[in-house]
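Comments concern the structure below.
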Amino acid sequence: MLGWEISVPGLLLARRAKSPADLGALFWFAPNDAGSVFQDSAETQPVSALDDRIHVIRDKSGAGRHLRASAPPERPLWKQGEGWDNGAPGLGLRMAQDVNVREVFMACRYEDGVLATFSEYKTLMTDLAGIDTPTPNRVMGRRFEDVLHVQTFEVQKPGAAFGVLLLPLPMTVLRLRRKDGAAWPVGAFGTTNNANVYRPWTGRIGGIAGFDRALSDEEASAVVGALS
């Protein structure tokens, strides 16, 4: 047990679940599914080759909250089987509107997976306002350290307890939440901008799923399995 109570209905739901959508995900992005990742805004050209530029990742939850590039042609690079890489200048991907979540699961890797400190502030996710203006809803690594920058949040790696430690970080599905259990708005993944200085995540970003409730450990395991 890692701190969550497992209800009988929740346990049965998790055992039946085949995807985050089965557990009521508010959004679910699977960049390793080439059929849901497109190079154009009209969604007529699926990615097919390493380093194709991503314009859209469709939301597989059914809620229609698709991720889109903010500034083509400076779009993330598709990394077959490893999600996406922000590339340069690292503008990430965003939804059209913020979504209030209580837990987010996110597959990612920092740099080569073994570095012990962040070289700069590195952004996992933020609300839309937080792209250009510092907000308390930014979730990012702290400069020259190995932890979350805003420690209102906490993170769990598979098999570990919740805490603020992020690094080292090989490709891992992180489970993120606020320490007080409150909801917070999420709208973009992979970057922020302070006075035209971008704080992109450097490494890989893979599957992402968000929920408006705290999942049981059994349900969380099902989501981790789906995003791995």
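All of these numbers come straight from a predicted model, not from anything done at the bench.
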Exercise. Do any N or O atoms from the side chain of T192 and from the backbone of T123 form a donor-acceptor pair under 3.5 angstrom?
Worked result: no
For this session: Might you point out which heavy atoms bring L50 and Q80 nearest each other, and give the distance in Å?
Result: CD1-N, 3.8 Å
Exercise. Is any side-chain heavy atom of R199 closer than 4.5 Å to a side-chain heavy atom of N194?
Worked result: yes
Problem set entry | W78 versus A34, closest heavy-atom pair with distance | CZ2-CB, 3.9 Å
For this session: Report yes if the side chains of S36 and K60 come closer than 4.5 Å at any heavy-atom pair, otherwise no.
Result: yes
Problem set entry | Beyond-backbone contact of W201 with K122, side-chain heavy atoms, under 4.5 angstrom | yes
Exercise. Does the side chain of L167 reach to within under 4.5 Å of the side chain of Y110, using non-hydrogen atoms?
Worked result: yes
For this session: Give me the one residue out of R142, R138, E145 that meets side-chain contact (heavy atoms from CB on, under 4.5 Å) with Y121.
Result: R142
Problem set entry | Gap separating the CZ atom of F162 from the CZ atom of R177, nearest 0.5 angstrom | 3.5 Å
Exercise. Do the side chain of T191 and the main chain of G90 share a donor and acceptor less than 3.5 angstrom apart?
Worked result: yes
Exercise. Quick one: are V223 and W28 in side-chain contact, heavy atoms under 4.5 Å?
Worked result: no
Exercise. Which heavy atom of N86 sits nearest a heavy atom of P200, and at what distance?
Worked result: ND2-CB, 4.0 Å
Exercise. Is it the case that one hydrophobic cluster holds both W184 and V155, taking links as side-chain heavy atoms less than 4.5 Å apart, direct or via other members?
Worked result: yes
Problem set entry | Closest approach of P168 to G113 (non-hydrogen atoms, all atoms of both residues) | CB-O, 3.8 Å
Exercise. So if you build clusters from Ile, Leu, Val, Met, Phe, Trp, Tyr with side-chain heavy-atom gaps below 4.5 Å, do I57 and V47 land together?
Worked result: yes
Exercise. Do the non-hydrogen side-chain atoms of L26 and S61 ever get within less than 4.5 Å of each other?
Worked result: no
Seminar exercise, completed: d(T152 OG1, D180 CG) to nearest 0.5 Å is 7.5 Å
Exercise. Do the side chains of V164 and K179 get nearer than 4.5 Å, heavy atoms only?
Worked result: yes
For this session: Mind checking the OG1-CZ spacing from T202 to R109? Nearest 0.5 Å is all I need.
Result: 10.0 Å
For this session: Output yes when E103 and R213 qualify as a salt bridge under the 4.0 Å nitrogen-oxygen rule, no when they do not.
Result: no
Exercise. Which one of T133, T126, D132 satisfies the side-chain hydrogen bond (donor to acceptor under 3.5 Å, both in side chains) criterion with N193?
Worked result: D132
Exercise. Quick one: does D127's side chain have a donor or acceptor within less than 3.5 Å of a partner on G130's backbone?
Worked result: yes
Problem set entry | Within one Ile-Leu-Val-Met-Phe-Trp-Tyr cluster: F29 and L93, side-chain cutoff 4.5 Å | yes
Exercise. Is it true that a side-chain atom of D59 and a backbone atom of R65 form a donor plus acceptor pair closer than 3.5 Å?
Worked result: yes
Exercise. Has the side chain of E154 got a donor or acceptor atom that lies under 3.5 Å from a matching backbone atom of G163?
Worked result: no
For this session: Quick one: pull up CE in M106 and CG in L176 and give me the separation to the nearest 0.5 Å.
Result: 8.0 Å
Problem set entry | Donor-acceptor under 3.5 Å (R75 side chain, Q39 main chain) | yes
Exercise. Salt bridge or not for E82 and K79, using N-O below 4.0 Å?
Worked result: no
Exercise. Between L165 and K157, does a side-chain contact (heavy atoms from CB on, under 4.5 Å) hold up when you go through it step by step?
Worked result: CA-CA 9 Å; L165 185 68; K157 298 180 181 180; 5.5 Å; no
Exercise. Linking I/L/V/M/F/W/Y whenever any side-chain heavy atoms sit under 4.5 Å apart, do M95 and W84 land together?
Worked result: yes
For this session: Can you measure from CZ (F153) to CG (L148) and round to the nearest 0.5 angstrom?
Result: 9.0 Å
For this session: Could you identify which residues cluster with L77, counting Ile, Leu, Val, Met, Phe, Trp and Tyr as linked when any side-chain heavy atoms lie under 4.5 Å apart, either directly or through a chain of such contacts?
Result: none
Exercise. Are the side chain of Q156 and the backbone of A160 linked by a donor-acceptor contact shorter than 3.5 Å?
Worked result: yes
Exercise. Hey, does the side chain of D40 reach the backbone of Q45 with a donor-acceptor pair shorter than 3.5 angstrom?
Worked result: yes
Exercise. So how far is it from C108 SG to M171 CE, rounded to the nearest 0.5 Å?
Worked result: 7.0 Å
Seminar exercise, completed: Note: P31 and V37 closest approach over all heavy atoms is O-CG2, 3.5 Å
Seminar exercise, completed: Closest heavy-atom pair, L23 versus A222, reported as atoms and distance to 0.1 Å, is CD1-CB, 4.3 Å
Exercise. Are L215 and V224 linked, directly or through other ILVMFWY residues, by side chains that come within less than 4.5 angstrom of each other?
Worked result: yes
Problem set entry | Criterion side-chain contact (heavy atoms from CB on, under 4.5 Å) against L227, the qualifying member of N32, V173, L174 | V173
Problem set entry | Test item: M125 and I205 side chains (from C-beta on) under 4.5 Å apart, heavy atoms | no
